[in-house]
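A short write-up of the structure that comes next.
One-based numbering along the sequence shown.
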Amino acid sequence: MRVRSRWIALLAAMSLGVVACGGADTTEPDAAAPEDTAPDDGGDDAEGETGEDGEAAPEPSGDPIQIGGALALTGPFAPTAKIHEIVAEQFVEMLNEQGGLLGRPVEWTVLDDESQPEQSAALYERLITQDGVDLVMGPYGTGSITAAMAVAERYGYVFPHHTASLTYAYTYDKHFPTWFVGLNTHHTTPRKVFEAYESLGDDAPQTVAFVTNRFPGTDFLVYGVDGDQGALRGGGGALRVAEEMGLDVVLDLSFDIGTTDFSGIAQRVAEADADLLYVGALGEDGTNLLASLAQLGYTPRNHFYQWPAPGPMLAAGELAEGATSVTIFEPYEPYLSNEGAQELVDRYRAGAEEEGLSYTDPETQAGASWAAWQVLVAGVEGCQCLDHDEIADWLLNNPIDTVQGTFEYRADEQNYGDDIQTIKQIQDGGWYVVHPEDAASDGRSLQAGSGD
């Protein structure tokens with residue numbers, strides 16, 4: 001078994017500037033339409049453009065509150081960063097429609113980090129020391145987030161961020177993650193996946209094949225970490241958790257980021273013929289692998305993908321039927337009952353359509369991004385101030401309602417809370433939450449595949 005050092009992974013994240021999760025969505029959605037539920041609000045007192053008494057929200061006044069950040073507006077990660085840009089634009093627009101923040105208008109400045117962590121760090125330095133922004137919002141991607149967080153820590157800024165995956169590396173006491181996977185995601189996430197497959201009973205997989213890209217986040221999720229490191233539990237990783245849960249690991253392959261020719265990997269996967277194919281990868285890696293498997297005439301019986309681009313996966317049609325992944329937000333119940341969820345769905349779809357995106361449903365990426373803005377606003381409104389120490393103190397001592405559910409940050413776990421992810425599966429051409437039962441979409445459950 002291979003175990004990696006957290007510092008090797010961190011340095012890799014910094015140098016590669018790789019994305020955290022998901023990927024570009026370039027296909028039309030085929031997911032279930034959201035249920036017709038009562039619209040929820042998007043903030044503490046959000047009532048659309050009118051209050052409970054039906055009167056229009058007061059116009060914000062005074063000097064604008066400046067919020068700065070960077071995103072990968074260009075470069076290889078721009079397609080996914082576009083999701084976060086749309087969310088930010090929609091959230092700030094909504095915020096100003098509803099009276100602003102502390103009664104003042106909000107201005108959001110976004111700079112282009114060109115998908116480069118070093119550039120991200122320089123931009124946050126500029127935003128704080130030259131532009132004098134009042135608040136910051138984290139960038140997109142593990143490498144850029146890690147670099148920008150160091151700058152925020154240097155100046156004591158509260159740092160909400162939405163997609164960083166190296167949970168063990170983030171010891172800054174004012175960082176607030178909103179991809180709510182828990183500090184020990186290298187234990188909890190793979191256990192959730194295998195427990196879901198255990199629920200198949202007699203059809204539960206007995207063997208598993210791992211195919212993992214050399215990205216720090218997926219490496220961490222599949223191989224865990226060495227020893228006990230502060231508040232982080234050592235060990236873990238999907239490969240080791242699988243063995244602990246009685247699965248026989250019949251294949252363990254790694255591949256480089258940027259790989260597009262999966263023919264050799266597909267041959268090894270077909271030869272291993274495992275009951276479960278576990279793809280520790282992101283973006284379109286999964287769909288590319290499925291295409292190569294199809295050329296061999298091989299269909300995996302059961303298959304999981306860590307962070308797939310949801311649109312391209314749906315576009316793969318029958319090839320992807322039965323594929324599973326993790327999620328923190330989908331545009332239907334039970335998520336629509338969460339704080340601001342319907343507002344996110346409506347506004348994001350409108351913004352994505354206006355931008356010409358072909359996949360316009362908000363899911364994990366958009367959910368994490370919207371929640372980051374909700375957290376920032378909750379902290380400011382909670383303390384009624386722009387003092388970073390007081391904002392952080394409020395966030396650490398109060399529950400925060402978000403589109404993902406209620407967050408409770410724990411200072412003794414590097415500001416992570418519980419791992420609230422659920423398991424989703426492509427069924428009948430759409431993504432549905434299937435595990436655990438109390439979060440499942442419309443009574444659905446995980447379905448076993450038959451393969452070839």
Side-chain angles (χ1 to χ4, degrees), residues 8-27 69-89 110-124 137-149 161-166 169 179 211-222 254-262 265 279-292 305-316 325 352 355-360 363-366 368-369 372:
I8 291 175
L10 176 57
L11 288 171
M14 296 288 291
S15 61
L16 292 173
V18 286
V19 293
C21 309
D25 290 322
T26 57
T27 60
L71 287 172
L73 301 180
T74 59
F77 312 131
T80 307
K82 188 67 181 177
I83 296 171
H84 298 275
E85 184 183 17
I86 291 171
V87 166
E89 290 172 345
V110 60
L111 305 175
D112 181 11
D113 68 21
E114 303 173 6
S115 303
Q116 299 297 324
E118 298 83 359
Q119 180 73 354
S120 181
L123 294 176
Y124 278 83
M137 174 59 63
Y140 167 67
T142 292
S144 291
I145 290 171
T146 306
M149 190 184 306
H161 59 95
H162 27 66
T163 59
S165 56
L166 300 180
W179 196 295
V211 177
T212 308
N213 65 2
R214 296 187 178 92
F215 167 64
T218 48
D219 187 281
F220 174 45
L221 264 293
V222 171
S254 295
F255 64 93
D256 291 331
I257 297 169
T259 295
T260 55
D261 181 1
F262 283 84
I265 295 172
V279 182
L282 66 165
E284 298 191 48
D285 291 336
T287 48
N288 289 335
L289 175 57
L290 281 171
S292 294
Y305 303 85
Q306 186 64 57
W307 298 310
M313 189 65 84
L314 287 179
S325 188
E355 292 290 339
L357 270 62
S358 54
Y359 187 74
T360 58
E363 45 85 57
T364 299
Q365 292 279 350
S369 194

Does the side chain to side chain contact (heavy atoms under 4.5 Å, CB included) test come out yes or no for Gln306 and Val279, once each step is laid out? CA-CA 6 Å; Gln306 186 64 57; Val279 182; over 6 Å; no

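- Every side-chain contact (heavy atoms from CB on, under 4.5 Å) that Ala368 has, sequence neighbours left out, goes to His162, Thr178, Trp179, Ile328, Gln404.
- Atom CD in Glu363 sits 8.5 Å away from atom OG in Ser325 (nearest 0.5 Å).
- Listed by chain and residue number, Thr287, Leu319, Ala320 satisfy the side-chain contact (heavy atoms from CB on, under 4.5 Å) test with Ala316 (two or more places apart in sequence, or in another chain).
- Judged as a side-chain hydrogen bond (donor to acceptor under 3.5 Å, both in side chains), and not counting sequence neighbours, Ser120 has no contacts.
- Separating the CG atom in Leu289 from the CD atom in Glu284 is a distance of 13.0 Å, to the nearest 0.5 Å.
- Annotation for Ala309 and Pro312: closest pair O-CD, 3.4 Å, computed over non-hydrogen atoms.
- Here Thr259 pairs with nothing under the side-chain hydrogen bond (donor to acceptor under 3.5 Å, both in side chains) rule; sequence neighbours left out.
- You'll find the side chain of His84 reaches within 4.5 Å of the side chain of Thr163, heavy atoms only.
- For Glu85, the side-chain hydrogen bond (donor to acceptor under 3.5 Å, both in side chains) partners two or more places apart in sequence, or in a different chain, are Lys82.
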Set out, in order, the CA-CA distance, both residues' side-chain angles and the distance that settles side chain to side chain contact (heavy atoms under 4.5 Å, CB included) for Leu123 and Asp112, then state yes or no. CA-CA 8 Å; Leu123 294 176; Asp112 181 11; 5.6 Å; no

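- You'll find the side chain of Phe77 stays beyond 4.5 Å of the side chain of Leu71, heavy atoms only.
- The heavy-atom pair separating Ala81 from Ala72 by the smallest distance is CB-O, 3.4 Å.
- For the residue pair Pro76 and Pro79, the shortest heavy atom distance occurs at O-CD, 3.7 Å.
- Atoms CH2 and OG1, on Trp307 and Thr80 in that order, are 13.0 Å from each other to the nearest 0.5 Å.
- How far CG of Leu73 is from OG of Ser115: 8.5 Å, rounded to the nearest 0.5 Å.
- Looking at heavy atoms from C-beta onward, Tyr305 lies in side-chain contact with Leu290 at the 4.5 angstrom threshold.
- Side-chain N or O atoms of Asp113 include none that pairs as donor or acceptor with a backbone N or O of Ala70 at under 3.5 Å.
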Test side chain to side chain donor-acceptor pair (under 3.5 Å) on Thr142 and Ser165; report intermediate values, then the result. CA-CA 6 Å; Thr142 292; Ser165 56; 3.1 Å; yes

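- Checked against side-chain contact (heavy atoms from CB on, under 4.5 Å), Asn213 has the following partners two or more places apart in sequence or in another chain: Phe215, Thr218, Phe255, Ala281, Leu282, Asp285.
- Here the shortest heavy-atom pairing between Val222 and Gly280 reads CG2-CA, 4.2 Å.
- Partners of Asp261 under the salt bridge (Lys or Arg N to Asp or Glu O under 4.0 Å) rule, at least two apart in sequence or in another chain, do not exist in this structure.
- When the side-chain contact (heavy atoms from CB on, under 4.5 Å) test is applied to Ala88, the partners found at least two apart in sequence or on another chain are Trp108, Trp373.
- The NE2 atom of His161 lies 14.5 Å from the OH atom of Tyr140; values are rounded to the nearest 0.5 Å.
- Between Arg214 atom CZ and Ile257 atom CD1 the span is 9.5 Å, to the nearest 0.5 Å.
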